[in-house]
Amino acid sequence: MTSLPPNRAKTLKEAYRACDVKPLTGDDIARYYVDLSAVRNTVAIEDVSTDLYIQEPGEFNTFLFTGHRGCGKSTELKRIQSRWENDYRVIYIEFDRELDAYDAEYTDL
């Protein structure tokens, strides 16, 4: 039986501060990604790949990912990016690094 570390989090605040809620990237996707397809609706993710697959050169499409912070949006986008970056020019922009979210208009997007 393994023992628990003595400095483990005892409150939600301590647990949050111990976690890194940044998107998984590179080798971390393979190492830490948890496949939740058995309990999550993955049709939307599959539809993105299907839409990209059937597109012809010069055609454009737009996808919107929404959800609360830490639910996996960016990680899923990074997985889609790694799947398609050899076939498409992928431009990945982190909105909060480029714009002030409190001073943004829809036209900024």
Side-chain angles (χ1 to χ4, degrees):
M1 177 184 229
T2 61
S3 61
L4 297 172
N7 61 344
R8 69 181 186 165
K10 295 176 182 65
T11 66
L12 180 60
K13 185 177 182 178
E14 290 175 358
Y16 177 82
R17 297 187 78 51
C19 294
D20 186 1
V21 295
K22 295 179 180 140
L24 296 174
T25 59
D27 293 336
D28 285 347
I29 290 177
R31 184 173 181 192
Y32 297 112
Y33 181 78
V34 177
D35 182 8
L36 298 174
S37 59
V39 294
R40 178 190 278 177
N41 181 354
T42 59
V43 173
I45 302 296
E46 294 164 8
D47 285 351
V48 171
S49 285
T50 301
D51 286 352
L52 291 172
Y53 179 74
I54 63 174
Q55 291 218 298
E56 295 293 331
E59 292 182 333
F60 297 93
N61 210 333
T62 304
F63 304 98
L64 174 65
F65 281 66
T66 63
H68 61 82
R69 183 177 182 187
C71 73
K73 299 176 301 292
S74 296
T75 298
E76 292 297 344
L77 287 170
K78 290 284 187 180
R79 291 182 70 221
I80 292 169
Q81 176 182 356
S82 67
R83 162 65 180 88
W84 290 101
E85 64 190 350
N86 292 328
D87 299 318
Y88 290 90
R89 178 171 302 265
V90 177
I91 302 170
Y92 186 87
I93 299 171
E94 293 186 34
F95 171 80
D96 58 341
R97 291 184 183 220
E98 301 296 327
L99 297 170
D100 178 3
Y102 297 108
D103 189 33
E105 299 288 332
Y106 76 94
T107 54
D108 294 332
L109 302 175

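For clarity, every value in this text was computed on a predicted model and none was experimentally measured.
Transitive grouping of hydrophobic side chains (ILVMFWY, heavy atoms separated by less than 4.5 Å) keeps V90 and V48 in distinct clusters.
Applying the ring-ring contact (aromatic ring centres under 6.0 Å, His included) test to residues at least two apart or on different chains, none of the pairs has a partner in residues 31-62. Listed by first and then second residue, the salt bridge (charged side-chain N to carboxylate O under 4.0 Å, His left out) pairs involving residues 70-82 are R40-E76, E76-R79 (not counting sequence neighbours).
For A9, the side chain to side chain contact (heavy atoms under 4.5 Å, CB included) partners are E14, A15, not counting sequence neighbours. In this structure, Q55 has no side chain to side chain donor-acceptor pair (under 3.5 Å) partners at least two apart in sequence or on a different chain. Residues passing the side chain to side chain donor-acceptor pair (under 3.5 Å) test with S49 are W84, sequence neighbours excluded. Under the rule for a side chain to side chain donor-acceptor pair (under 3.5 Å), the partners of Y16 that lie at least two apart in sequence or sit in another chain are R69.
Atom NZ of K13 sits in a sparse spot, with 12 or fewer heavy atoms from other residues, nucleotides or ligands closer than 6.0 Å. Heavy-atom neighbours of D100 CG from other residues, nucleotides or ligands within 6.0 Å: above the threshold of 12. Crowding of D103 atom CG: a count of heavy atoms from other residues, nucleotides or ligands under 6.0 Å not exceeding 12.
Taking each heavy atom of E59 and I54 in turn, the nearest pair found is OE1-O, 4.3 Å.
Residues F63 and I80 are not in side-chain contact: their nearest non-hydrogen atoms beyond the backbone lie 4.5 Å or more apart.
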